[in-house]
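To start, the structure under review is shown below, and the notes come after it.
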Amino acid sequence: MDILELISELEEKIDSSLEIPFIKKAFVNKEELMNLIGDISLQLPDEVRMAKQIAEDRTRILADAQKQADLIIKNAEQKIISMVDEHEITKRATEQADEIIAKAQKNARDIRIGTLEYSDSMLAQLDNSLKAMSDSIKQSRTDLRK
């Protein structure tokens with residue numbers, strides 16, 4: 001018989017005992033009750049040990065669950081930090097790439113403008129040289145005709 005059944009039997013014996021009216025006292029068979037209490041005492045250590053083991057298991061399981069939860073939270077926080085860092089690195093790399101592209105475009109414009117100015121200057125010199133040659137040829141022809 002387990003402890004709960006023994007306690008139930010103890011309750012039945014007390015409930016079925018002869019009661020003295022008005023004073024709420026009862027006559028009980030002391031020997032029967034003492035035997036039941038003895039049986040309960042014999043069963044109690046196993047039940048208490050089981051309850052104690054269950055409580056210890058519960059405590060251990062809760063502690064393990066808390067450790068796992070803490071580890072998951074820590075890993076999640078590290079992942080978030082890593083993702084934020086990666087985002088910042090990507091953002092900085094994009095900014096640097098934009099700066100490099102802007103500088104390259106400015107250099108290309110400067111080179112194009114410089115090339116156009118140089119070409120214009122060379123063509124102006126050529127034009128002046130050709131005018132001078134043309135004037136010289138005209139003069140030579142005029143001199144020949146005289």
Side-chain angles (χ1 to χ4, degrees), residues 1-140:
M1 213 183 275
D2 74 352
I3 195 164
L4 295 177
E5 290 173 342
L6 291 170
I7 291 173
S8 179
E9 188 177 332
L10 179 62
E11 288 175 340
E12 285 177 27
K13 296 240 184 236
I14 292 171
D15 282 343
S16 66
S17 65
L18 180 63
E19 188 174 316
I20 301 173
F22 303 115
I23 60 171
K24 300 284 183 181
K25 301 250 178 187
F27 289 105
V28 291
N29 185 333
K30 184 178 177 181
E31 188 176 326
E32 283 181 9
L33 294 181
M34 291 305 289
N35 286 337
L36 280 173
I37 291 172
D39 290 343
I40 291 171
S41 295
L42 290 175
Q43 290 292 321
L44 192 57
D46 289 339
E47 301 289 336
V48 170
R49 271 194 300 268
M50 285 177 43
K52 183 179 177 186
Q53 185 63 41
I54 290 170
E56 288 172 357
D57 288 347
R58 178 184 175 272
T59 303
R60 182 184 47 78
I61 290 168
L62 288 174
D64 287 348
Q66 185 62 46
K67 284 179 187 176
Q68 288 178 357
D70 291 344
L71 183 62
I72 290 169
I73 289 169
K74 183 180 176 185
N75 288 340
E77 288 172 347
Q78 288 175 348
K79 182 70 173 174
I80 289 169
I81 289 168
S82 173
M83 290 172 73
V84 167
D85 288 347
E86 286 177 18
H87 175 71
E88 287 299 318
I89 290 169
T90 303
K91 185 178 174 183
R92 281 189 239 141
T94 302
E95 289 171 358
Q96 287 178 349
D98 290 344
E99 288 176 18
I100 291 169
I101 290 169
K103 285 180 184 177
Q105 288 173 340
K106 183 184 180 305
N107 287 343
R109 272 193 306 273
D110 291 348
I111 290 171
R112 190 173 30 251
I113 289 170
T115 302
L116 290 174
E117 288 174 355
Y118 176 76
S119 297
D120 185 52
S121 171
M122 292 304 288
L123 289 173
Q125 284 179 5
L126 181 62
D127 187 39
N128 288 339
S129 293
L130 288 175
K131 280 183 186 177
M133 283 183 175
S134 177
D135 288 345
S136 176
I137 291 172
K138 284 182 187 177
Q139 185 60 45
S140 293

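Open room surrounds CD on E31; 12 or fewer heavy atoms of other groups in view lie less than 6.0 Å from it. Residue R60 places its CZ atom among more than 12 non-hydrogen atoms of other residues, nucleotides or ligands, all under 6.0 Å distant.
Looking at Q78 and S82, their side chains never come closer than 4.5 Å, going by heavy atoms from C-beta outward. Counting heavy atoms from C-beta on, the side chains of L130 and L126 come closer than 4.5 Å.
Checked for salt-bridge contact, K74 and D70 miss the test: no charged N lies under 4.0 Å from a carboxylate O.
We find the CG-NZ distance between L36 and K13 to be 6.0 Å, quoted to the nearest 0.5 Å. In this structure, S129 OG and M122 CE are separated by 9.0 Å, a value rounded to the nearest 0.5 Å. With rounding to the nearest 0.5 angstrom, the CG atom of D127 is 4.5 Å from the NZ atom of K131. Here the CG atom belonging to L6 is positioned 11.0 Å from the CG atom belonging to N35, to the nearest 0.5 angstrom. The line from CD of E5 to CG of D39 is 11.5 Å long, rounded to the nearest 0.5 Å. Here the CD1 atom belonging to I14 is positioned 12.0 Å from the CG atom belonging to N29, to the nearest 0.5 angstrom.
Checked by atom type and distance alone, the side chain of S136 never pairs as donor or acceptor with a backbone atom of A132 at under 3.5 Å. Between the side chain of S8 and the backbone N or O of L4 there is no donor-acceptor pair closer than 3.5 Å.
Residues Q53 and D57 bring a donor and an acceptor atom of their side chains to less than 3.5 Å of each other.
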Listed pairs under 3.5 Å, donor-acceptor, residues 91-114 side chains, sequence neighbours left out:
| from | atom 1 | to | atom 2 | distance (Å) |
| --- | --- | --- | --- | --- |
| T94 | OG1 | T90 | O | 2.8 |
| K106 | NZ | D110 | OD2 | 3.0 |

